[in-house]
Protein chains: 2
Amino acid sequence: MDEEKKENLKQRAKHNGQRLKAFFCWVLLSVGIGAVIGGGVGTLFYYTLQWCTQIRMQHSWLLYLLPLGGLFIVWLYHICGVKKSRGTDLVLLAIRSPQPLPARMAPLIFAATGITHLFGGSAGREGAALQIGGSLAYGTGRLFKLDEKSLHIVTMCGMGAVFSALFGMPVVAGVFALEVISVGEMYYSALVPVCISSVLASGIAQKLGAKPAHFVIAAMPGGIHLQTAMQTALLAALCGLVAILFCRVLHLAGKLYTRFLPNQYIRVLVGSALIIGITLLAGTTDYEGAGGNVIARAICGQARPEAFLMKILLTALTLGAGFKGGEIVPSFFIGATFGCWMGGLLGLNPGLAAAIGLISLFCGVVNCPITALLLGCSMFGYSGAPYFFLACAISYALSGYTGLYAEQTILYSKFHAKFINKKAE
Amino acid sequence: MDEEKKENLKQRAKHNGQRLKAFFCWVLLSVGIGAVIGGGVGTLFYYTLQWCTQIRMQHSWLLYLLPLGGLFIVWLYHICGVKKSRGTDLVLLAIRSPQPLPARMAPLIFAATGITHLFGGSAGREGAALQIGGSLAYGTGRLFKLDEKSLHIVTMCGMGAVFSALFGMPVVAGVFALEVISVGEMYYSALVPVCISSVLASGIAQKLGAKPAHFVIAAMPGGIHLQTAMQTALLAALCGLVAILFCRVLHLAGKLYTRFLPNQYIRVLVGSALIIGITLLAGTTDYEGAGGNVIARAICGQARPEAFLMKILLTALTLGAGFKGGEIVPSFFIGATFGCWMGGLLGLNPGLAAAIGLISLFCGVVNCPITALLLGCSMFGYSGAPYFFLACAISYALSGYTGLYAEQTILYSKFHAKFINKKAE
């Protein structure tokens with residue numbers, strides 16, 4: 001009996017030793033990914049896009065070179081042998097399945113996103129961040145001969161790290177990487193590595209001068225007021241519908257382009273022409289690039305009523321034509337401008353309404369309520385958290401099963417207590 | 001073809017109509033639960049415990065009546081036919097399985113927790129909150145003849161609502177209800193109802209004068225500093241070990257009591273005698289009740305080195321003897337005092353260290369990293385979020401599979417990318 005106890009203890013010690021070893025291996029690996037891929041490549045990407053945006057704002061004629069930029073992107077993907085660019089979907093798939101991620105994805109999307117921003121295409125940058133981080137980290141994992149399941153974790157680390165360096169929001173980036181793949185599941189096996197990579201990447205980026213997005217809302221209510229809560233809920237419900245509209249228009253633009261313009265070179269030329277034409281008609285540069293300044297203005301309480309529709313249209317035309325970037329900052333733009341305008345009509349303070357709109361729309365298109373909640377707290381402070389929570393919940397439910405990523409799965413029904421495990425539409 | 005399309009659209013409209021109907025039914029039900037069970041019963045519970053604590057602090061001799069209080073609790077549970085009180089575990093089980101929740105649980109735990117606090121037992125209150133909310137909401141659901149799956153949702157609403165009213169933290173309470181049952185799964189089918197109940201309950205409680213716990217940490221660092229991050233990680237790792245110690249001592253005390261004192265009346269008498277003896281020897285009332293004032297002092301940077309051990313011992317003696325309450329506020333106490341002391345030794349600012357300790361220990365014993373992160377942001381503001389995230393992740397991993405709730409399941413390995421679905425130890 002005593003012998004048996006001793007053996008038992010020995011087994012246990014060995015088991016705990018193995019656990020600790022695994023823990024420290026992950027700590028080392030995630031420090032490397034956070035520092036090199038997040039802090040290094042991520043910060044480089046941040047400054048590249050900043051530079052592109054500045055140059056474009058100084059030289060408005062760059063818009064006329066958009067067709068050339070587009071042709072270059074299509075040619076670049078062509079000579080690298082990427083026939084059908086599945087972008088962020090491929091990253092999500094690589095985390096859920098044995099699907100490999102080619103490392104050449106990183107320089108390709110890096111360059112293509114820079115070009116899109118330089119010449120005034122309407123697109124974000126976080127899709128690019130997820131692809132750069134995911135594919136580089138996946139490649140690193142292959143170098144270290146990790147097994148398939150560990151490759152999934154390492155890919156999430158990369159996603160979180162570059163996202164975190166780019167936006168300066170480590171908590172949001174880390175939780176997003178854990179939440180986005182299968183909505184309803186949190187990949188907690190990856191919690192420690194993803195957290196370390198994200199925090200480290202953001203820390204390095206900030207040391208190198210990158211600035212996180214943070215806004216102060218003057219009219220943030222203290223405590224919980226019934227009327228504000230009801231206005232918030234109503235606005236979030238409407239944002240859920242706008243989220244559906246945005247996703248549908250994106251899908252539709254992609255379909256129409258492919259059907260009527262099967263040749264990719266002609267497609268990107270026609271797309272560029274449409275973008276230039278609409279931008280000239282609109283008479284504003286508001287819809288070029290990510291549109292950070294328009295988001296800031298909306299949160300200060302100023303937005304044009306048609307801005308959200310224009311951004312939906314131009315983003316769909318840009319991404320559908322073959323330009324690169326992402327859909328998330330456009331979703332911030334659409335949500336903030338719609339929220340600012342509609343919230344004013346509903347009697348909410350327009351600045352608070354822009355914040356509610358931003359996170360509701362984000363939540364509606366990515367189906368990640370916890371990430372959206374943390375995004376709100378990170379951008380606007382924790383005092384609005386109860387309203388953000390409410391907005392995320394309502395927009396999550398009422399945006400239905402639409403989503404940006406066709407490879408995202410939604411595990412639970414949004415309306416009944418039921419396991420459904422269906423793909424986003 | 002046209003006919004078919006029309007039929008298709010009709011089907012779709014019908015389907016969406018059903019979804020909307022389900023949505024609005026849940027909104028109505030959750031408003032009712034949030035207002036009556038959360039805002040009503042929850043606030044009443046809040047004031048009852050406040051009153052008990054005040055009276056006890058004014059009359060220190062009440063401690064000597066602890067044995068009488070204990071006898072009364074045991075008798076109360078006996079005449080109500082509750083042989084083995086499984087407490088919060090029963091609530092978790094009722095959400096995962098067809099296990100029914102008796103409504104008489106609510107008044108029983110309400111009274112027993114009040115008695116424990118009045119006479120100076122060392123215990124929290126949130127376990128009681130979960131049981132009161134869960135069982136009342138379950139009963140309400142039965143009244144409305146909900147099916148089994150909907151009963152699960154309604155039970156979560158109740159848990160979140162009373163927790164939220166009691167602590168004034170609607171976001172933490174709501175996410176806790178979604179996260180705690182199966183770690184790694186977020187029950188997003190319940191997102192909207194749980195969110196509405198929690199926010200409403202907290203709003204009503206605040207209108208009725210309940211005050212949420214909020215602390216301002218003077219030394220909160222802006223941005224991310226490598227040294228502070230490493231100190232945070234180290235402290236969180238130690239807190240993970242203290243979390244294991246706390247859970248083990250709780251389990252051990254329960255076992256020893258049952259083995260050596262099978263009679264429940266004698267058990268509660270002996271337990272009371274031990275608690276009184278140790279309290280007199282310690283020469284302080286710090287360990288009576290929940291100990292909110294000690295937590296506040298620790299966050300101001302003052303804590304005795306032995307405080308966390310004393311609290312572990314006294315909480316185990318109190319709850320094992322048959323008194324009622326919860327383990328979460330004690331875990332705040334243990335974490336804050338341990339963090340304040342140990343953080344000082346590690347070179348961290350003691351106030352910040354107390355905050356890190358509090359959330360790390362909470363995370364370690366309930367295995368809920370997202371809830372713990374939000375708890376930190378809610379109590380101490382969002383500016384410390386990257387550190388809180390790091391602390392939660394490390395403590396989550398290094399506390400292993402121990403936990404307060406035997407009926408909690410942990411879905412993913414904490415060390416490898418593997419689905420394990422095991423119960424907390």
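Numbers restart at 1 for each chain; the letters A, B, ... are given by sequence-line order, proteins then strands.
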To check you understand the geometry: which heavy-atom pair defines the closest contact between [X] and [Y], and what is its length?
X: A:A201; Y: A:A165; result: O-CB, 4.1 Å
X: B:L373; Y: A:V171; result: CD2-CG1, 3.5 Å
X: A:G42; Y: A:L166; result: O-CD1, 4.4 Å
X: B:V194; Y: B:A177; result: CG1-CB, 4.3 Å
X: B:L200; Y: B:G34; result: CD2-C, 4.2 Å
X: A:A237; Y: A:L398; result: CB-CD1, 3.5 Å

Atom pair [atom1]/[atom2] of [X] and [Y] - distance to nearest 0.5 Å:
X: B:I196; Y: B:L29; atom1: CD1; atom2: CG; value: 10.5 Å
X: B:L235; Y: B:M230; atom1: CG; atom2: CE; value: 14.0 Å
X: B:M186; Y: A:L178; atom1: CE; atom2: CG; value: 10.0 Å

Which atoms of [X] come close to chain A, meaning under 4.5 Å heavy atom to heavy atom: side chain ones, backbone ones, both, or neither?
X: B:I410; value: neither
X: B:A385; value: both
X: B:I420; value: neither

What residue in [options] has the most heavy-atom pairs under 4.5 Å with chain A?
options: B:A397, B:C377, B:A22; answer: B:C377
options: B:F415, B:F419, B:F23; answer: B:F415
options: B:G184, B:G203, B:P386; answer: B:G184
options: B:I370, B:I153, B:I394; answer: B:I370
options: B:G223, B:P170, B:P369; answer: B:P369

Close side-chain approach of A:M379 to A:V172, heavy-atom, < 4.5 Å: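 A side-chain contact is absent here, since even the closest heavy-atom pair is not under 4.5 Å.
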If the cut-off is 3.5 angstrom, what donor-acceptor pairs do you find between chain A and chain B?
unit_1 : atom_1 : unit_2 : atom_2 : d
A:E179 : OE2    : B:Y188 : OH     : 2.3
A:G184 : O      : B:M186 : N      : 2.7
A:E185 : OE2    : B:Y412 : OH     : 2.2
A:M186 : N      : B:G184 : O      : 2.7
A:Y188 : OH     : B:E179 : OE2    : 2.3
A:S189 : OG     : B:S413 : O      : 2.7
A:S189 : OG     : B:H416 : O      : 2.9
A:Y412 : OH     : B:E185 : OE2    : 2.2
A:S413 : O      : B:S189 : OG     : 2.7
A:H416 : O      : B:S189 : OG     : 2.9

Option from A:I359, A:L374, A:L375 for which side chain to side chain contact (heavy atoms under 4.5 Å, CB included) with A:F388 holds: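 Among the candidates, only A:I359 passes.
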Under 4.5 Å from any heavy atom of chain B - which part of A:L226: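 Looking at A:L226, just its side chain touches chain B.
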Proximity breakdown for A:V175 and chain B, heavy-atom pairs closer than 4.5 Å: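 Contact with chain B involves both backbone and side-chain atoms of A:V175.
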